[in-house]
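This report refers to the structure that appears directly beneath it.
Heads up: numbering here begins at 1 and tracks the sequence.
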Amino acid sequence: MELLGEITTGRPLLVLAVKEEAQHLDTDLPVLLTGMGKVNAASALATVLARGPRPSEVVNLGTAGALRAGWTGTHVIGTVIQHDLDGALLATLTGETYGAPLSLPGGGEAVLATGDAFISDEAARERLAARAALVDMEGYALAAAAALAGVPLRMVKHVSDEAGDGAARSWRESVAECARALATWAEANTPYRA
């Protein structure tokens, strides 16, 4: 976890997983780098929100794999799910609902599946495509932490790969271009500079 800048009331906090995704940000907004995966994302965001002050909103910027053909570019996420938690089975064991889909106010139609596995094979891609268009490793955890803290969240993902064979290579080759697109989106859609 690394916090660049200072969180202030009334201004957003930009949250990204890794420095590669943030490499083209040139802003005076605070930037939180959480590290990859759900545990890193949730614990980093919960830590800074608990310390205070609270930002006006959290804006998660990041890369995502496309689970369906034709998905490219930048997308504002409307719903986020966990693909590696069997909520239905847990409900039969405990009677409690865990990991229900989270709707993000002001989001688009895109559904994002979050899990700790980097999806890089066709079988996993096809299985997840029935439930979501995009996949990442932090989104659900960030949405859950922000919701628990009562801080609004916007989630924006730029497609870096096709979440199938060769996805890891594609991510490495495309992350700089994705970072540029995410910075351009943030400049156009947030109070990027004071």
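At a threshold of 4.5 Å between non-hydrogen side-chain atoms, the residues L61 and H158 do not count as touching. Counting only heavy atoms from C-beta outward, the side chains of R11 and D28 approach each other to under 4.5 Å. The closest side-chain heavy-atom distance from L93 to Y98 is not below 4.5 Å. For the pair P105 and P152, the minimum side-chain heavy-atom distance is 4.5 Å or more. Using a 4.5 Å heavy-atom cutoff, the side chains of N60 and L16 are not in contact. Counting only heavy atoms from C-beta outward, the side chains of S56 and P12 approach each other to under 4.5 Å. By the 4.5 Å heavy-atom criterion applied to side chains, H83 and R131 are counted as neighbours. Looking only at side-chain heavy atoms (C-beta outward), R193 and E187 come within less than 4.5 Å of each other.
Applying the salt bridge (charged side-chain N to carboxylate O under 4.0 Å, His left out) rule to E57 yields the partners R154; only residues at least two apart in sequence or on another chain are considered.
The hydrophobic clustering, which links ILVMFWY residues whose side-chain heavy atoms are closer than 4.5 Å, places M36 and L33 apart.
The line from OG1 of T27 to OH of Y192 is 5.0 Å long, rounded to the nearest 0.5 Å. Atoms CD and OG, from E173 and S160 in turn, are 11.5 Å apart once rounded to the nearest 0.5 Å. With rounding to the nearest 0.5 angstrom, the CE atom of M137 is 10.0 Å from the NZ atom of K38.
Looking at every heavy atom in both residues, H24 comes nearest to R180 through CE1-NH2, 3.1 Å. Listed here is the closest heavy atom pair of I119 and V135: CG1-CG2, 3.8 Å. Between P101 and I81, the closest heavy-atom pair is CB-CG2, 3.7 Å. The shortest non-hydrogen separation linking T9 to P53 is OG1-CB, 3.5 Å. The shortest heavy-atom contact between S43 and N40 is OG-O, 3.4 Å. Closest heavy-atom contact between A145 and A46: CB-N, 4.5 Å.
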Point to revise | Trace of the side-chain hydrogen bond (donor to acceptor under 3.5 Å, both in side chains) decision for E21 with T63 | key: CA-CA 7 Å; E21 293 173 327; T63 56; 2.6 Å; yes
Practice item. Show your working on side chain to side chain contact (heavy atoms under 4.5 Å, CB included) between T190 and L29 and close with a plain yes or no. Key: CA-CA 9 Å; T190 67; L29 290 174; 3.7 Å; yes
Practice item. With side chain to side chain contact (heavy atoms under 4.5 Å, CB included) as the test, would you mind laying out the steps for V156 and L182 before giving the verdict? Key: CA-CA 8 Å; V156 179; L182 291 166; 4.2 Å; yes
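With hydrogens and angles ignored, the 3.5 Å screen pairs no side-chain donor or acceptor of D116 with any backbone N or O of G37. Put simply, the side chain of E126 never gets that close to the backbone of A123: no donor and acceptor are under 3.5 Å apart.
Each salt bridge (Lys or Arg N to Asp or Glu O under 4.0 Å) pair with one or both residues in residues 136-148, not counting sequence neighbours, appears once here: D136-K157.
More than 12 heavy atoms of other shown residues, nucleotides or ligands fall within 6.0 angstrom of atom CD in E122.
Other residues sharing a hydrophobic cluster with L112 under the 4.5 Å side-chain heavy-atom criterion for ILVMFWY residues are M1, L3, I7, L13, V15, L32, L45, V48, L49, V58, W71, I77, V80, L102, L104, L134, Y140, L142, V151, L153, M155, V159.
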